[in-house]
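If you're wondering where the values come from, they're calculated on a predicted model, not measured in any experiment.
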Amino acid sequence: MSTAPLSFDLDSNLDLDDFDPDDVEVELVVFDMAGTTVSDDGLVERAFVLAAQRSGIADTADALDEAVAFVRETMGQSKLDVFRELTDTEEAAVAATNVFETAYGELVERVGVTAVDGAADLFQELRDNGLKVALVTGFSRATQDMLINALGWSDLIDVSLCPAEAGRGRPYPDLPLTALLRTGTSSVAAMVVVGDTASDMLSGLSAGAGLVVGVRTGTHDTETLEVAGADVVIDSVADLAELLGLREETIE
């Protein structure tokens, strides 16, 4: 097993437009969860709809449509921060967040939760090559633990973080920077941030990550991810090992 930092050199066959960074010795990869490593299947949005209805945030069809549009725009951010924008008081925001977490748990229990194809194998491959793996989320600690335990990922990651443990959620840099500190990573340039939303890209950019990677398995499309600061957008996390040079194959 290799324990040396990994240098990535982007293959010339990759369609990465004008992305041409200097080689970076990667020590840490910070992954988002829902939509990036965890298949979402619309569960987050459905939980928001249930929370909006149950908490009285949206009492008309128009109000619900507006709330859902805002949720899509801010996907990836701290759920509490989102509800702060949709409610009038901190008490109401906290209550709505709790309702959302309960609704999401109910949906997961009802339909189950699955990983994005290749995610678990990728975590193992990264760690076999001496890299640290971090999972970050906009969910609460309880919901994050529920997902990690349901997927059997506890032994495949080095650290997991939710907004309350880092200070602020995305799009702020707190989550990746806290992951960097917790894992003893030597510099922000040695960190890769991976996510499916504009908020993930902005967070990685603000944290000074050596590489910010968008994936097409979640909420936002390629253009949105690139505008938000993605250095490169790939189909899914299953392609990340090739991007980082862990395998000889190239991404078509």
#### Entry: More than 12 heavy atoms from other groups under 6.0 Å of CD on Glu109
no

### Query
Which distance, rounded to the nearest 0.5 Å, do you find between the CD1 of Ile148 and the CG of Asp155?
11.5 Å

### Message
Can you confirm whether the side chains of Glu27 and Ser186 place a donor and an acceptor under 3.5 Å from each other?
### Response
yes

### Query
Run the side-chain hydrogen bond (donor to acceptor under 3.5 Å, both in side chains) check on Thr197 and Asp200 step by step: do they pass?
CA-CA 5 Å; Thr197 69; Asp200 296 318; 2.9 Å; yes

### Test: Glu85 and Lys79 ion pair at under 4.0 Å
no

### Query
Should Asp32 and Arg170 count as an ion pair when the cut-off is N to O under 4.0 Å?
yes

### Message
Please give me the minimum heavy-atom distance between Ala96 and Ser55, naming the atom from each residue.
### Response
CB-OG, 4.1 Å

### Query
Any idea which heavy atoms bring Val212 and Ala209 closest together, and the distance?
CG2-CB, 4.1 Å

#### Entry: Close side-chain approach of Phe100 and Leu50, heavy atoms under 4.5 Å
no

### Message
So if I apply the side-chain contact (heavy atoms from CB on, under 4.5 Å) rule between Thr97 and each of Val82, Leu80, Thr102, which one comes out positive?
### Response
Leu80

### Task
Test Asn129 against Glu125 for side-chain hydrogen bond (donor to acceptor under 3.5 Å, both in side chains), laying out the working first.
CA-CA 6 Å; Asn129 280 273; Glu125 192 168 3; 5.2 Å; no

### Query
Between Val192 and Val30, does a side-chain contact (heavy atoms from CB on, under 4.5 Å) hold up when you go through it step by step?
CA-CA 6 Å; Val192 176; Val30 180; over 6 Å; no

### Task
Check whether Ile57 and Val49 end up in the same hydrophobic cluster, where Ile, Leu, Val, Met, Phe, Trp and Tyr are linked by side-chain heavy atoms less than 4.5 Å apart.
no

### Query
Does the side chain of Val38 come within less than 4.5 Å of Leu151's, by heavy atoms?
yes

### Distance, nearest 0.5 Å, that separates NZ of Lys132 from CG of Leu126
12.5 Å

### Message
Minimum heavy-atom separation for Tyr104 and Thr143, please, with both atom names.
### Response
CD2-CG2, 3.7 Å

### Query
How are the rings of Phe48 and Phe83 set relative to one another: parallel (under 30°), tilted (30 to 60°) or perpendicular (over 60°)?
tilted

### Query
Heavy atoms, side chains only, cut-off 4.5 Å: are Asp221 and Arg216 in contact?
no

### Message
Within this structure, what is the OG-CG distance for the pair Ser206 and Leu177, rounded to the nearest 0.5 Å?
### Response
9.0 Å

### Query
Should Val159 and Thr178 be marked as a side-chain contact (heavy atoms from CB on, under 4.5 Å) after you check the CA-CA gap, both sets of side-chain angles, and the distance that decides it?
CA-CA 10 Å; Val159 65; Thr178 302; over 6 Å; no

### Distance (rounded to the nearest 0.5 Å) between Asp128 CG and Leu246 CG
9.5 Å

#### Entry: Derivation and outcome, side-chain contact (heavy atoms from CB on, under 4.5 Å), residues Asp174 and Glu165
CA-CA 9 Å; Asp174 303 33; Glu165 297 163 346; over 6 Å; no

### Query
More than 12 non-hydrogen atoms from neighbouring residues, nucleotides or ligands closer than 6.0 Å to CG on Asn149, yes or no?
yes

### Query
If you measure from OG on Ser160 to CE on Met33, what distance do you get to the nearest 0.5 Å?
7.5 Å

### Message
For the backbone of Gly35 and the side chain of Thr217, can you confirm whether one donor and one acceptor N or O come within less than 3.5 Å of each other?
### Response
yes

### Query
Just wondering, do Thr137 and Phe31 contact through their side chains at under 4.5 Å, heavy atoms?
no

#### Entry: Nearest heavy atoms of Ala120 and Trp153, plus distance in Å
CB-NE1, 3.8 Å

### Query
Hey, quick one: are Val99 and Leu43 part of the same hydrophobic cluster, counting side-chain heavy atoms closer than 4.5 Å, chains of contacts allowed?
no

### Message
Let me check something: do Val94 and Phe139 share a hydrophobic cluster, defined by ILVMFWY side-chain heavy atoms less than 4.5 Å apart, either directly or through other members?
### Response
no

### Query
Can you tell me if Glu101 uses its side chain to pair, donor with acceptor, with the backbone of Ala142 under 3.5 Å?
no

### Query
With a 3.5 Å cut-off and no angle check, do the side chains of Asp196 and Thr36 form a donor-acceptor pair?
yes

### Query
Hey, quick one: are Tyr172 and Leu175 part of the same hydrophobic cluster, counting side-chain heavy atoms closer than 4.5 Å, chains of contacts allowed?
no

### Task
Check for a donor-acceptor pair, side chain of Ser203 on one end and backbone N or O of Ser199 on the other, with a separation under 3.5 Å.
no

### Which atom of Ser140 lies closest to which atom of Cys162, heavy atoms considered
C-CB, 4.1 Å

### Query
Minimum heavy-atom separation for Met191 to Ala207, with atom names?
CE-CB, 4.0 Å

### Task
Taking the side chain as every heavy atom from C-beta outward, state whether Val193 and Leu205 have any atom pair closer than 4.5 Å.
no

### Task
Indicate, with yes or no, if Leu202 and Leu180 share a hydrophobic cluster defined by side-chain heavy-atom contacts under 4.5 Å among Ile, Leu, Val, Met, Phe, Trp and Tyr.
no

### Task
State, yes or no, whether a side-chain contact exists between Leu161 and Arg182 at a heavy-atom distance under 4.5 Å.
yes

### Query
When rounded to the nearest 0.5 angstrom, what distance separates CG in Asp81 from OG1 in Thr74?
9.5 Å

### Query
Are Leu131 and Leu28 side-chain neighbours, meaning at least one heavy-atom pair lies under 4.5 Å?
no

### Message
Check this for me: does any side-chain nitrogen of one of Asp41 and Arg46 sit under 4.0 Å from a carboxylate oxygen of the other?
### Response
no

#### Entry: Side-chain (His220) to main-chain (Ala198) donor-acceptor, under 3.5 angstrom
yes

### Message
Can a donor-acceptor pair be found, under 3.5 Å and without considering hydrogens, that links the side chain of Ser236 to the backbone of Ala238?
### Response
yes

### Donor-acceptor pair between Arg84 and Ser78 side chains, under 3.5 angstrom
no

### Query
Just by distance, with hydrogens left out, do Gln124 and Arg127 show a side-chain donor and acceptor under 3.5 Å apart?
no

#### Entry: 4.5 Å side-chain heavy-atom contact, Val113 and Leu147
yes

### Query
Any donor-acceptor pair under 3.5 Å linking the side chain of Asp158 with the backbone of Ala134?
no

### Message
For a side-chain contact (heavy atoms from CB on, under 4.5 Å) check, start with the C-alpha distance between Val233 and Val215, then their side-chain angles and the critical distance, and finish with the verdict.
### Response
CA-CA 6 Å; Val233 179; Val215 293; over 6 Å; no

